[in-house]
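The next block holds one structure in the form of structure tokens; read it before the comments.
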Amino acid sequence: MKQVVVELGDRSYPIYIGAGLLAQAADLLGPRLSGQTLVVSNTVVAPLYLDALLDGLPDITSRTLIVEDGERRKTVETMNAIITRLLEERFSRTCTLVALGGGVIGDVTGFAAACYQRGVSYVQVPTTLLAQVDSAVGGKTAVNHRLGKNMIGAFHQPAAVLSDTDVLASLPERELRAGVAEIIKYGLINDAQFFDWLEDNMDGLLQRDADCLAHAIEVSCRNKAAIVSRDEREAGLRAILNLGHTFGHAIETALNYETWLHGEAVAAGMSMAAHLSARTTGFPESDVRRVNALLEKTGLPVTLPETMRREHLRELMAVDKKTRHGRLHLVLLREIGKAVVTPDFEEADLEDTLARYAE
Ligand code: NAD
Ligand code: GLY
């Protein structure tokens, strides 16, 4: 088993990564499950892994709440259903929530934990690759509003993260590749050596080789933990975790969140960020080619659907959360392994990048 710690003083917490960890849940999570426990999962994940998790926690009497699957359920209504259950069961402030699922379950359960009686403890048991390398780590919790994704939320760190790599066996191929997009992101923004490793080991990762997966998850978590420890609430540095996301969110919104997965949109967005970086920061053209080659090798998109219009994308990019005083800030690459967040790019260069990808 591998272990990474998110260092946040007295709120520091461990991330456990390895095969067969659900069976060890009592040892790993038991000490962190104070008081009453509610496990929240969904209609896809619960039939697969809820029993294994509960069997791994034989001395803990847990309640369970199973919600419908899907991003459309990442809402205040689902959060309220969790809170209602906690109240019905007379859960006190010493209770713990357990999020068993992908990023949707993790985000909504974490947000319910942040709000219930002004904040109770929770642990993450992420079951998608994306959740194991990104959403379960770092304490961003949120639900969507009709007018915007992740617009209602809180920073609330979990007490522990348990990532059992065995559960990735049942993950659909497309979801796996979408998770790899976020893994590639860590190489690009912070870890050139890891990017080299990904170039050499992508086949193993896509074949779900256990050692490759555990290594990629560990290094991704190490990179994210280092950034979150330095800038928990995104005063500056943490924004580099959004490489490709300003373009990506615009793509997702333009497609109504229906046809592309988040990781796919981020992949195309990272390709666009690399293109713009070459025009702005001196990011070498040879590295733009490396970025696109690795994304393509992963089976991720580096072009946009033909229906995409560049004026529409530009308009959608303007509502990005990184906009400061009306000026859009973008995450760009100086070199592989080094990202910057900057408002210093020429509008004409951005137009050039948009024109390269969309009509
Ligand atoms: P998801 O939670 O919707 O999971 C994807 C699909 O896989 C779902 O149908 C799910 O039920 C299913 N699934 C989950 N585990 C499975 C398994 N082991 N086997 C088979 N099927 C399984 O999506 P996601 O990609 O995990 O997360 C996306 C969400 O995460 C978005 O809402 C995004 O905003 C959020 N997110 C949050 C952060 C953060 O820092 N909090 C970071 C990145 C993304
Ligand atoms: N997923 C971006 C962040 O956690 O900051």
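Note that ligands are numbered from 1 as they come in the structure, with each ligand's atoms numbered from 1 the same way.
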### Query
E175: heavy atom below 4.0 Å from ligand 1, yes or no?
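Checking ligand 1 against E175, which is what was asked, there is a heavy-atom contact under 4.0 Å.
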
In terms of residue, atom name and distance, what is the protein heavy atom nearest to [atom]?
{"atom": "atom 12 (C) of ligand 1", "answer": "V44 CG1, 4.2 Å"}
{"atom": "atom 33 (C) of ligand 1", "answer": "K149 NZ, 3.6 Å"}
{"atom": "atom 32 (O) of ligand 1", "answer": "E71 OE1, 2.7 Å"}
{"atom": "atom 35 (C) of ligand 1", "answer": "D107 OD2, 3.4 Å"}
{"atom": "atom 36 (N) of ligand 1", "answer": "S135 CB, 3.6 Å"}

Do the side chains of [X] and [Y] get close enough for a salt bridge, i.e. N-O under 4.0 angstrom?
{"X": "E346", "Y": "R279", "result": "no"}
{"X": "K185", "Y": "D134", "result": "yes"}
{"X": "R63", "Y": "E89", "result": "yes"}
{"X": "D196", "Y": "R290", "result": "yes"}
{"X": "E199", "Y": "K297", "result": "no"}
{"X": "R177", "Y": "E173", "result": "yes"}

#### Entry: Subset of ligand 1 atoms that lie under 4.0 Å from at least one heavy atom of S170
17 (C), 18 (N), 19 (N), 20 (C)

### Message
Can you name the atoms of ligand 1, numbered from 1 with element, that are less than 4.0 Å from a heavy atom of Y49?
### Response
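So the answer, numbered in order with elements, is 18 (N).
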
Would [X] count as being in polar contact with ligand 1, using the rule that some N or O on each side must be under 3.5 angstrom apart?
{"X": "D134", "value": "no"}
{"X": "K140", "value": "yes"}
{"X": "V104", "value": "yes"}
{"X": "L48", "value": "no"}
{"X": "T141", "value": "no"}
{"X": "G103", "value": "yes"}
{"X": "N42", "value": "yes"}

### Query
For ligand 2, is there an N or O atom under 3.5 Å from any N or O atom of D134?
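Such a contact does occur with ligand 2.
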
### Query
With only distance considered, is K185 within less than 3.5 Å of ligand 2 through an N or O on each side?
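Between K185 and ligand 2, no N or O pair is found under 3.5 Å apart.
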
Could you tell me if [Y] and [X] have a donor-acceptor pair between their side chains, going purely by distance under 3.5 Å?
{"X": "Y49", "Y": "S170", "answer": "yes"}
{"X": "T78", "Y": "T75", "answer": "yes"}
{"X": "Y13", "Y": "Q157", "answer": "yes"}

Nearest heavy atom to [atom]: which of [options] does it belong to?
{"atom": "atom 7 (O) of ligand 1", "options": "T128, L130, D166", "value": "T128"}
{"atom": "atom 11 (O) of ligand 1", "options": "L176, V228, V108, D69", "value": "D69"}
{"atom": "atom 40 (O) of ligand 1", "options": "R73, K224, R174", "value": "K224"}

### Task
Any chance you could lay out the ring pair (Phe, Tyr, Trp, His ring centres under 6.0 Å) test for H262 and Y257, step after step, and finish with the verdict?
CA-CA 8 Å; H262 174 71; Y257 298 92; 9.1 Å; no

### Task
May I ask whether K224 has any heavy atom positioned less than 4.0 angstrom from an atom of ligand 2?
yes

### Task
Fit a plane to each ring of H249 and H245, take the angle between them on a 0 to 90° scale, and name the class: parallel (under 30°), tilted (30 to 60°) or perpendicular (over 60°).
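Correct class here is perpendicular.
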
### Message
Within the 4.0 Å heavy-atom shell around K140, which atoms of ligand 2 are there?
### Response
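Under 4.0 Å from K140, ligand 2 has these atoms: 2 (C), 3 (C), 4 (O), 5 (O).
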
